[in-house]
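First the structure, in the form of structure tokens, and then the observations on it.
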Amino acid sequence: MPEHRIDTESAHSARIYDYILGGDDNYPADREAGDAMCREWPALPVHMRANRDFMHRAARYLAAEAGIRQFLDIGTGIPTPPNLHEIAQAATPDARVVYVDTDPLVLSLSQGLLSGAPEGRTAYVEADMRDPADILGAPGFRETLDLSEPVALTVIAIVHFMLDEHDAVGIVRRLLDPLPSGSCLAMSVGTADFAPDEVGRVAREYAARGMPMRLRTLPEAAEFFEGLDLVEPGIAQVHKWRPNRTDGTENPGLGIRDEDIAMYGAVARKP
């Protein structure tokens, strides 16, 4: 595997996310960026925690209720327990998970993504989601997932970094196309529908650091799910997607204001 130098001088979206969530895998540039963004929109930590919690609930639903035992996680980010495989394998110990990312820091920390239940299996693929063929052709993908059985494709908090010229909808479709009937798509999609001024200022902070964003309206978010069967409640702000936990713990969406969440979330099944 080629060596990659971690650029500690420039802020990185995954490390900003890690910093705002209280993680330790970040550098001064990431902390400076995160602090600047939180000044522009103090609700940003609430928003990011709600997105992470949506991922947990979606994974738990897919493994415990939908019976999915295979996961393809795109844009994994820095490992923050509980990770997707821990959620899935708690419900289904033989679950298999392939993580995909391009960030060298994620690669260096990937051992934390590869230790799961002995009955299951996890793998890490270093690839860019803008090249679906590279992901689908990777040995880690082909050796871990069985495409005769349903797979859950999870694309969490990543497509807002894909501009119109990247064709995010087409990329997600090319990742979903080889997956068999009964597979599922779980996504969260960035939006400025509920706090346009505040979220717009955060987007400008990202863009000033070389990370331009494409925030999407509800109809634009819905394009990712065309031809699929949405799971109730359909496309909703992430704190409103099936907010009642299945593990008996407190509803994480209680007390969160709609204007503090800038992400739509949904799960849909491939017919």
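Every heavy atom of this structure was used, including side-chain atoms; hydrogens, water molecules and symmetry mates were not. All residue numbers in this chain count up from 1 along the given sequence.
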### Task
Could you state whether Ile20 and Ile261 fall into the same hydrophobic cluster, counting links through intermediate Ile, Leu, Val, Met, Phe, Trp or Tyr residues with side-chain heavy atoms under 4.5 angstrom apart?
no

### Query
Does some side-chain heavy atom of Ile156 sit less than 4.5 Å from a side-chain heavy atom of Phe54?
yes

### Query
Side chains of Pro233 and Trp241: closer than 4.5 Å at any heavy-atom pair?
yes

### Query
Taking Lys270 for the side chain and Pro180 for the main chain, is one N or O donor matched with an acceptor at less than 3.5 Å?
no

### Query
Is Leu153 close to Cys184 at the side-chain level, that is, under 4.5 Å between some pair of heavy atoms?
no

### Query
Going by distance alone, is a donor N or O of one side chain under 3.5 Å from an acceptor N or O of the other, for His85 and Tyr99?
yes

### Query
Side-chain heavy atoms under 4.5 angstrom apart, residues restricted to Ile, Leu, Val, Met, Phe, Trp, Tyr: same cluster for Tyr61 and Phe225?
no

### Task
For Ser188 and Asn51, test the side chains for any donor-to-acceptor distance below 3.5 angstrom and give the result as yes or no.
yes

### Query
Should the pair His47 and Trp41 be assigned to parallel (<30°), tilted (30 to 60°) or perpendicular (>60°) ring geometry?
tilted

### Under 3.5 Å: donor-acceptor pair, side chain of Asp167, backbone of Gly170
yes

### Query
Would Tyr17 and Asp30 satisfy side-chain hydrogen bond (donor to acceptor under 3.5 Å, both in side chains), going step by step from the backbone distance to the final call?
CA-CA 9 Å; Tyr17 188 70; Asp30 310 304; over 6 Å; no

### Task
Please check if the side chain of His166 supplies one atom and the backbone of Ala168 the other of a donor-acceptor pair under 3.5 Å.
no

### Cluster overlap Leu230 with Leu218, hydrophobic side-chain contacts below 4.5 Å
yes

### Message
Same cluster or not: Val267 versus Val189, using hydrophobic residues (I, L, V, M, F, W, Y) connected whenever any side-chain heavy atoms lie under 4.5 Å apart?
### Response
no

### Message
Using only atom types and a distance under 3.5 Å, with no angle test, would you say the side chain of Arg31 pairs donor to acceptor with the backbone of Asn26?
### Response
yes

### Query
For the side chain of Thr80 and the backbone of Ile78, is there at least one donor-acceptor N/O pair under 3.5 Å apart?
yes

### Taking every non-hydrogen atom, the tightest pair across Ala138 and Val125
CB-CG1, 3.6 Å

### Query
Ignoring hydrogens and geometry, is there a side-chain-to-backbone donor-acceptor pair from Arg209 to Glu205 under 3.5 Å?
yes

### Query
Just by distance, do the side chain of Glu86 and the backbone of Asn83 share a donor-acceptor pair under 3.5 Å?
yes

### Task
Find out whether Gln70 and Pro150 are in side-chain contact, i.e. whether some heavy atom of one side chain is under 4.5 Å from a heavy atom of the other.
no

### Query
Which pair of non-hydrogen atoms, one from Ala123 and one from Gly140, has the smallest distance, and what is that distance?
CB-O, 3.9 Å

### Near-ring test Tyr206/Phe161, centroid separation under 6.0 angstrom
yes

### Query
Quick one: does Thr191's side chain have a donor or acceptor within less than 3.5 Å of a partner on Thr217's backbone?
no

### Query
Got a sec: does the CG of Asp24 have more than 12 other heavy atoms crowding it under 6.0 Å?
no

### Task
Go through Arg130 and Glu165 one step at a time and tell me if the salt bridge (Lys or Arg N to Asp or Glu O under 4.0 Å) criterion holds.
CA-CA 11 Å; Arg130 290 172 295 185; Glu165 57 263 34; over 6 Å; no

### Query
Do Arg69 and Asp94 pass the salt bridge (Lys or Arg N to Asp or Glu O under 4.0 Å) test, and can you show the C-alpha distance, the side-chain angles, and the key distance before you say yes or no?
CA-CA 7 Å; Arg69 288 174 165 76; Asp94 63 347; 3.5 Å; yes

### Query
Any salt bridge between Asp197 and Arg201, counting N to O under 4.0 Å?
no

### Message
Walk me through whether Arg173 and Glu226 qualify under salt bridge (Lys or Arg N to Asp or Glu O under 4.0 Å).
### Response
CA-CA 10 Å; Arg173 188 62 51 181; Glu226 288 181 0; over 6 Å; no

### Query
Under 4.5 Å between any side-chain heavy atoms of Asp101 and Tyr124, yes or no?
yes

### Task
Evaluate the salt bridge (Lys or Arg N to Asp or Glu O under 4.0 Å) criterion for residues Arg57 and Asp53: first the C-alpha distance (whole Å), next the side-chain angles of each, then the deciding distance (0.1 Å), finally the verdict.
CA-CA 6 Å; Arg57 296 197 311 282; Asp53 204 82; 2.8 Å; yes

### Message
For Asp193 and Tyr264: C-alpha separation, side-chain torsions, deciding distance, then whether side-chain hydrogen bond (donor to acceptor under 3.5 Å, both in side chains) applies.
### Response
CA-CA 10 Å; Asp193 283 357; Tyr264 287 115; 2.6 Å; yes

### Message
I want to check something: taking the side chain as every heavy atom from C-beta on, are Thr144 and Arg121 in contact at a cut-off of under 4.5 Å?
### Response
yes

### Task
Inspect the contact between Glu119 and Arg96 and indicate whether a charged nitrogen and a carboxylate oxygen are less than 4.0 angstrom apart.
no

### Message
Quick one, His239 with Asp258, criterion side-chain hydrogen bond (donor to acceptor under 3.5 Å, both in side chains). Give me CA distance, side-chain angles, the key distance, then yes/no.
### Response
CA-CA 8 Å; His239 67 304; Asp258 289 357; 3.1 Å; yes

### Message
Salt bridge check, Asp18 against Arg15: does any charged N sit closer than 4.0 Å to a carboxylate O?
### Response
no

### Query
Is the shortest heavy-atom distance from the side chain of Met187 to the side chain of Leu185 under 4.5 Å?
yes

### Query
Looking at side-chain heavy atoms only, is the closest gap between Arg204 and Met213 below 4.5 Å?
no

### Message
Whether Glu65 and Arg60 form a salt bridge (side-chain N of Lys/Arg under 4.0 Å from carboxylate O of Asp/Glu) is what I want to check.
### Response
no

### Query
Counting distance only, does the side-chain N/O of Thr76 pair as donor-acceptor with the main-chain N or O of Val100 below 3.5 Å?
yes

### Query
If two hydrophobic side chains count as joined below 4.5 Å and joins carry through other members, does Val159 share a cluster with Leu228?
yes

### Summary
Minimal heavy-atom distance between Met263 and His160, with the atoms involved, is CE-CE1, 4.1 Å

